[in-house]
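Convention: sequence-line order gives letters A, B, ...; per-chain numbering from 1.
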Number of protein chains: 2
Amino acid sequence: MPTISDVAKLSGLSKATVSRVINKHPYIAKEKRERVEQAMKELGYVPNPSARRLRGSTTSTIGVIVPRIVNPFFSYLVNSIEQEAYKSNYQVLMFQSNENKDKELYFLNLLKNRQVDGLIMTSIENDWDVIQPYTEFGPIVLCNEYLMHSKAPIVRLDQAKGAYIGTKHLIDKGYTKIAYCTGGLFAEDGKDKDRNHGYQQALTEAGLSIQTNWIFINKHTIDDGKEVMRQMLAMEERPSAIFTGSDEIAAGVIMEAKENGVRIPEDLAVIGFDDQPIAEIIEPKLTTIRQPINELGEKSVEQLIALMSSKDADYKQIELPVELLVRKST
Amino acid sequence: MPTISDVAKLSGLSKATVSRVINKHPYIAKEKRERVEQAMKELGYVPNPSARRLRGSTTSTIGVIVPRIVNPFFSYLVNSIEQEAYKSNYQVLMFQSNENKDKELYFLNLLKNRQVDGLIMTSIENDWDVIQPYTEFGPIVLCNEYLMHSKAPIVRLDQAKGAYIGTKHLIDKGYTKIAYCTGGLFAEDGKDKDRNHGYQQALTEAGLSIQTNWIFINKHTIDDGKEVMRQMLAMEERPSAIFTGSDEIAAGVIMEAKENGVRIPEDLAVIGFDDQPIAEIIEPKLTTIRQPINELGEKSVEQLIALMSSKDADYKQIELPVELLVRKST
DNA sequence: TAAAAATATGAAACTGATTTCATAAACCAG
DNA sequence: CTGGTTTATGAAATCAGTTTCATATTTTTA
């Protein structure tokens, strides 16, 4: 494996000059630059990133932390980040935290050790207090997290509005018994507070009150959705509509409903969140809240690159709009 | 950021001793080991991977190359790899090649430069001739690739059998006009040869001949599936069944079929591949070939770790069985 | 009890790059 | 023509670890 010394030897110049060519320093004689380039090509030389990082220079790699890569929302998000970063010649390393605090910390250490020049976090497991110190080592952009208090660059969606227009839509359609199902917790520690808030606001405006047993928390998957439906079937007073935290949950609800002869939307209206491919596959097609995933990724990368380039660029807190897509499930 | 020298200073010992503690060398006095460990904890010391790698030691990271992370087959596969590696205390870096040769080469260089100790490739874009030289720098396990000639560790599925039992199932159901749709190419350079072979074998055994205009190549997504259906609709003599390369394609075919009043399976039988979640969501539920994704990931990691641990462990070529799941689309 | 082997530690070399410092040549202004 | 920039290059220090070599101490063996 050729090193910079090999290139120096072959070109008859010093390591310093070779390094300068690699890093496009000014003040290199054209003839020598060409000699170096020729030698690099001849040897198939590739600089060793470990050595570069050790010396403190950047390597055009950014890291992305996702909680679960099998969740289509995140795989699409990380994909859009990757595409966008590639345009600016940045390489992306993806990490799955599996909603595990220690793994998250491990990845944060990659920033500390300069394995990556910057980090995009699409989920947060540890408290901001423990994450914040790592920003000393490189910029961290929060993407899709609805952390409230932190002074940090954030690109997120208007979750509150999403929940609000979804719930409002159900109310406008005449439904009054509206259940709510969330991926996170309900009003605990500010996380997910946004969505809850939109749901509550829509109900309050319509003079409806909140039934706590119609609130389902910590639901994520299709199977979770099926289970929610089963729980609803067992209730004396069943909701006539449900606002869910993701299309996957919604799909599970619908599948289980059909199994049990519950008609959608006559007996139960269902609204999803994300507009994933399954929203158009399931029968009836799913009314859902579309999130602009690509923009979410693009803006995050954009901001991260800005922060990496100039050390004291201002951070922004960007909120992107969501949109109601009415299909057949409501 | 504390370094090994800080730890050495605080514990009153040399860098060498600290390094020995970190790497669990034998012959360290218990008392000194404890002093070092105490100092490390006190400083919140984390070894810098760049420095370690530079000196040539391993860092318990493995890389996984996937073509497209938004494809559920690959996101589930990479997930299972991650889970399995984690059990053995290996960290996983995921890379998306986007079916791009240059990106793939970039990731192979990570192996060359010791950024990762080993590599699992779930797709290969370059010829094996260009990949092979990289095995000098660390083991490469091919996972899910059906490369024929290469002498390399491979964990794959019995693709030929999958295509064979799928096609055979259609024949047994009485269909004779069977189209075929593949993600790769048809019989070009040995890639994908397996599946094609199974399809051809089943047809031949039944005395059916191959209609070349019923072969669709390079199809991957739901939209591709819709397009395939549109092409079939435009044909004078339409197939009465189709074997597709993935559940996504199959879903697209079915969606477009329904739009156009083509009944599934009466007018057109559809069979998928993968058994992804959408297979059970789409109506009618999809007959498909189940692939043991988790085992695929587990075996790959298992073999990679074996190869990394002992330099001259024998490589294996493992083939896992696939299984026909009959639902309602055939 | 002396020699050999095992245990334990540190100084210094080394990994592959970048950067500082020193220096020299070419160019320019006064 | 002389002194100050600008351009151009290399030697050596540096980054944070690991490993070799040397050496000292303790334990085992003959």
Side-chain angles (χ1 to χ4, degrees), chain A residues 1-37 39-40 43-61 109-117 136-138, chain B residues 1-40 43-61 109-117 137-138:
Chain A
M1 192 161 39
T3 72
I4 198 172
S5 302
D6 299 326
V7 178
K9 210 168 291 169
L10 182 61
S11 62
L13 295 160
S14 72
K15 291 194 321 181
T17 303
V18 176
S19 174
R20 290 195 183 100
V21 171
I22 295 169
N23 295 288
K24 302 200 200 308
H25 276 261
Y27 309 150
I28 312 153
K30 195 181 164 201
E31 180 252 345
K32 313 232 162 140
R33 186 194 356 269
E34 280 162 2
R35 248 159 68 195
V36 169
E37 280 163 354
M40 293 201 295
L43 292 167
Y45 168 74
V46 184
N48 182 324
S50 294
R52 310 183 82 177
R53 280 196 263 263
L54 188 55
R55 200 56 181 67
S57 54
T58 61
T59 50
S60 303
T61 40
N109 274 320
L110 294 181
L111 184 63
K112 188 168 166 182
N113 291 316
R114 299 179 197 280
Q115 304 301 291
V116 296
D117 302 335
E136 182 196 334
F137 308 113
Chain B
M1 193 161 39
T3 71
I4 198 172
S5 302
D6 299 325
V7 178
K9 212 168 292 170
L10 182 62
S11 63
L13 295 161
S14 72
K15 292 195 319 180
T17 304
V18 177
S19 174
R20 290 195 183 99
V21 171
I22 295 169
N23 295 288
K24 303 197 201 308
H25 276 260
Y27 309 152
I28 314 154
K30 197 182 163 202
E31 180 253 345
K32 313 234 161 139
R33 184 192 1 264
E34 281 161 3
R35 248 160 68 197
V36 169
E37 279 162 354
Q38 170 61 24
M40 292 200 297
L43 293 167
Y45 168 75
V46 183
N48 182 324
S50 294
R52 309 185 82 177
R53 279 196 263 262
L54 188 55
R55 198 55 180 75
S57 56
T58 63
T59 51
S60 302
T61 40
N109 275 319
L110 294 181
L111 184 63
K112 188 167 165 182
N113 292 315
R114 300 179 197 280
Q115 304 301 292
V116 297
D117 302 336
F137 309 113

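In this structure the side chain of B:Ser50 never reaches within 4.5 angstrom of the side chain of A:Arg114, judged on heavy atoms. Between B:Asn113 and A:Met1, the closest side-chain pair of non-hydrogen atoms falls below 4.5 Å. A heavy-atom distance below 4.5 Å is found between the side chains of A:Ile22 and A:Tyr45.
Not one side-chain nitrogen or oxygen of B:Thr3 sits closer than 4.0 Å to the OP1 or OP2 atom of D:dA16. Between D:dT18 and B:Asn23, a contact under 4.0 Å exists linking OP1 or OP2 to a side-chain N or O.
No N or O donor and acceptor, one from the side chain of A:Arg53 and one from the base of C:dG16, sit under 3.5 Å apart. Residue side chain A:Arg20 reaches the base of D:dG10 through a donor-acceptor N/O pair under 3.5 Å, judged by distance alone. For B:Arg55 and C:dT15, a side-chain-to-base donor-acceptor distance below 3.5 Å is absent, hydrogens and geometry of angles not being considered.
Atom-to-atom, CZ of B:Arg33 to C1' of C:dT7 comes out at 13 Å; the value is rounded to the nearest Å. The nearest whole Å value for the distance from the CG atom in A:Leu54 to the P atom in C:dC14 is 17 Å. Between the CG atom of B:Asp6 and the P atom of D:dA16 there is a distance of 9 Å, rounded to whole Å. Nucleotide C:dA8 holds its P atom 12 Å from the NZ atom of B:Lys30, rounded to whole Å. Here C:dA8 presents its P atom at 14 Å from CZ of B:Arg35, a figure rounded to the nearest Å. When rounded to the nearest whole Å, the span between CD of A:Gln115 and C1' of D:dA16 equals 12 Å. Atom-to-atom, CZ of B:Arg52 to C1' of C:dC14 comes out at 17 Å; the value is rounded to the nearest Å.
Of the two residues near DNA chain C, A:Asn48 and B:Glu31, the one whose nearest nucleotide lies more 5' is B:Glu31.
Note: B:Lys32 NZ to B:Ser14 OG = 9.5 Å, rounded to the nearest 0.5 Å.
For A:Arg52 and A:Thr59, the side-chain atoms include no donor-acceptor pair closer than 3.5 Å.
Of the candidate nucleotides C:dT9, D:dA16, C:dT18, C:dT18 has the atom nearest to the side chain of A:Ile4. Which of D:dA16, D:dT7, D:dT9 sits closest to the side chain of A:Tyr27 comes down to D:dT7. Here C:dT19 is the nucleotide among C:dG16, C:dT19, C:dG10 with the atom lying nearest to any side-chain atom of A:Ser19. Nearest nucleotide to the side chain of A:Ser14, out of C:dG16, D:dT18, D:dG10: D:dG10. The side chain of A:Lys15 lies closest to C:dT18 when the candidates are D:dA8, C:dT18, D:dG17. Relative to the side chain of B:Thr17, the nucleotides D:dA11, C:dG10, C:dA17 differ in distance, and C:dG10 lies closest. Distance from the side chain of B:Leu13 is smallest to C:dT9 among C:dG16, C:dT9, D:dG17.
In this structure, B:Ser11 contributes its side chain and B:Val7 its backbone to a donor-acceptor pair below 3.5 Å.
Nearest heavy-atom pair, B:Ala51 versus A:Leu54, reported as atom, atom and distance to 0.1 Å: CB-CD1, 3.8 Å. Pairing each heavy atom of A:Lys15 with each of A:Ile4, the nearest pair is O-CD1, 3.7 Å. A:Thr61 approaches A:Gln115 most closely through the heavy-atom pair OG1-O, 3.3 Å.
More than 12 heavy atoms of other shown residues, nucleotides or ligands fall within 6.0 angstrom of atom CZ in A:Arg53. More than 12 heavy-atom neighbours from other residues, nucleotides or ligands sit within 6.0 angstrom of NZ on B:Lys112.
Looking at heavy-atom distances under 4.0 Å, A:Ala29 makes contact with sugar-phosphate atoms alone, never a base. Residue A:Val7 is classed as having no contact, given no heavy-atom separation below 4.0 Å to the nucleic acid.
Taking the screw axis at each terminus of the helix from C:dT1-D:dA30 to C:dG30-D:dC1 from five consecutive base pairs, the angle between the two is 30° to within rounding of 10 degrees.
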Atom pairs under 3.5 Å: protein N/O with N/O of nucleotides 27-29 of chain D:
none

